[in-house]
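Below is one structure, written out as structure tokens; the observations come after it.
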Amino acid sequence: MPDVYNWQLGRKMQYPHREAHPRSQFAFVFNTNRCIACQTCTMACKSTWTFSKGQEYMWWNNVETKPYGGYPQSWDVKLLAMLDAAHAKAGREPAWGEAKAGSAATPYGTYDGLTIFEAARTADQRGEVAVGYEPTDEEWRFPNFYEDSATGSRDQRASHNLAPATLPEHATWFFYMQRLCNHCTYPACLAACPRGAIYKRPEDGIVLIDQSRCRGYRKCVAGCPYKKPMFRSTTRVSEKCIACYPRIEGQDPLTAGKPMETRCMSACVGKIRLQGLVRIGEDGGWAEDRSNPLYFLVKVEKVALPLYPQFGTEPNGYYIPPRWVPRAYLRQMFGPGADAAVERYTHPSRELLAVLQLFRASQTIVYRYEIVEGKKVFEATIDGRKWEMFDDTVIGFDKDGKEVARVAVEEPKFERPAKHYNSI
Ligand code: SF4
Ligand code: SF4
């Protein structure tokens, strides 16, 4: 089993497949603080790709309410329990060593526990490439199971006598978690497929299932820790998110040949989503690209974190964690960078505040941004620290350097002349 470098874990890990890296990588950042669970993203995907017979239960994009919701039901709780069992059997702890945290190679420290690939060698799943399971039909029943359900005891909820909601952490809480295939750097679905039907495209790192090679063994369904490949009973083969690749290739007439964000990203009402392509260096990691907004959010500001990095697939979806949620939960879900990410989001730097305005400012993929400084417009004290806000303008450029977005931090107000009650 070859060793590969997983920068999210800060160490080499075993990966049961040949190592190969694309020239650029499909990636995205979601700001969980802003999602309203309107499910517009979910329906945008559904109405584009999974509206046919046999696809009824397929939600390539879904938005679930944490901590109780999940699609398929309890997918992450089950995976974490399986990993725990593997650690117990191996006499190990799924712990992070934070000694070298902060360097480019080990931004969150070093994960000393077992990934799903490593755990498969010690757990009861010897012979499988990764610890995993195939969800039952019952678990695929309800995409919005437990939607809007908060923590807190049943008695508390019945009496509406909920614990106080004060920052930094709410005692009673929930948050929305947006999910799709992470087009992982080390995809477990790909490694698990005995037919070699799954491949990662060299041009953009999108992970696809070759429908003509697939025989429906469902090893990808069991292997993917995020449970994003799905079996279609009418065709007897598996399907998964295709990252709207015709749009990424610039085939949509709207952007006239320019790479365009996916349907779920473009449709986002809450403006929580920013998607793009990051350049991959010779070593397989992200090449330095300071003015790419995704690079800035993930690598420079470290405000956006991978989902369950300990699984080991190096997912390419990143989340700005919800700032009101107990930190221990966030650390389990996003790794040890969670505290610092919440802190940075709560007191955003001048540059971060400007870059956050790029979310949903354009359907065309932004490759580079510039900031034009504006005047100071606000000042406040946050957690005892002085914080200043500037009306800077962020400008986004497409692949060819053409301007596609221009947004100011302070939203401009337009007053219509009051000619009539209904002057529209
Ligand atoms: S999220 Fe799952 S289906 Fe998507 S690339 Fe990763 S392992 Fe494969
Ligand atoms: S469209 Fe945006 S705001 Fe609405 S549920 Fe999806 S991610 Fe959340």
Side-chain angles (χ1 to χ4, degrees), residues 6 8 15-17 22 25-47 58-66 69 71-72 75-76 79 115-117 129-132 134-135 143-144 147-148 175-193 197-201 204-209 214 218-231 238-243 261-275 306-309 311-320 322 359-360:
N6 183 326
Q8 294 175 356
Y15 179 56
H17 198 267
Q25 176 62 55
F26 173 94
F28 54 87
V29 168
F30 290 166
N31 183 355
T32 57
N33 294 272
R34 299 193 63 166
C35 180
I36 52 174
C38 62
Q39 307 283 4
T40 312
C41 50
T42 307
M43 293 315 298
C45 175
K46 186 83 183 153
S47 59
M58 288 188 190
W59 300 92
W60 291 353
N61 178 100
N62 75 292
V63 178
E64 55 203 42
T65 301
K66 289 299 183 198
Y71 190 69
W75 65 273
D76 51 349
L79 241 299
T115 67
I116 57 166
F117 305 116
V129 299
V131 160
E134 200 182 321
N144 51 0
E147 190 167 73
D148 288 352
F175 72 96
Y176 301 125
M177 158 70 50
Q178 316 71 30
R179 300 209 310 112
L180 61 139
C181 168
N182 292 291
H183 297 277
C184 305
T185 303
Y186 303 115
C189 58
L190 185 156
C193 178
I198 304 186
Y199 60 105
K200 190 167 173 65
R201 304 205 314 177
D204 50 25
I206 291 173
V207 175
L208 297 176
I209 302 176
C214 178
R218 287 170 255 190
K219 291 285 183 184
C220 55
V221 180
C224 168
Y226 302 98
K227 296 293 159 243
K228 280 300 172 186
M230 296 162 198
F231 177 72
S238 297
E239 297 181 3
K240 63 177 282 302
C241 160
I242 59 170
E261 292 194 9
T262 66
R263 287 279 289 133
C264 62
M265 310 288 171
S266 303
C268 178
V269 172
K271 299 190 175 189
I272 83 141
R273 295 172 172 235
L274 185 71
Q275 178 239 308
L307 177 62
Y308 293 120
F311 290 169
T313 63
E314 206 183 285
N316 288 298
Y318 294 85
Y319 293 79
I320 302 178
F359 284 59
R360 298 283 27 86

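One-based numbering, in listed order, for ligands and for the atoms of each. Just so we're clear, the structure is a prediction, and the values are computed from it rather than from any experiment.
Heavy atoms of Ile272 found under 4.0 angstrom from ligand 2 belong exclusively to the side chain. Only the backbone of His183 comes within contact range of ligand 1, with a heavy atom under 4.0 Å; no side-chain atom does.
Inclusion of Cys181 in the first shell of atom 2 (Fe) of ligand 1 is not supported: no N, O or S atom falls under 2.8 Å.
What sits closest to atom 5 (S) of ligand 1 on the protein, heavy atoms only, is Cys184 N, 3.4 Å. From the protein, the heavy atom lying nearest to atom 4 (Fe) of ligand 2 is Cys38 SG, 2.3 Å. Of the protein's heavy atoms, Cys35 SG, 2.4 Å lies nearest to atom 8 (Fe) of ligand 2. Looking only at heavy atoms of the protein, atom 7 (S) of ligand 1 is closest to Ala188 N, 3.4 Å. At the shortest separation from atom 2 (Fe) of ligand 1 among protein heavy atoms lies Cys224 SG, 2.3 Å. Given atom 1 (S) of ligand 1, the protein heavy atom at minimum distance is Asn182 N, 3.3 Å.
Against a heavy-atom cut-off of under 4.0 Å, Arg273 is close to the following atoms of ligand 2: 7 (S). Below 4.0 Å from some heavy atom of Cys41 lie the following atoms of ligand 2, by number and element: 1 (S), 5 (S), 6 (Fe), 7 (S). Applying the 4.0 Å criterion to heavy atoms of Gln178 picks out, from ligand 2, the atoms 7 (S).
Under a cutoff of 6.0 Å and an axis angle of 45°, Lys240 and Trp60 do not form a cation-pi pair.
Contact annotation: Thr313 has no heavy atom less than 4.0 Å from any atom of ligand 1.
Test Lys228, Gln178, Gln39 against Asn62 for side chain to side chain donor-acceptor pair (under 3.5 Å) and you get one pass: Lys228.
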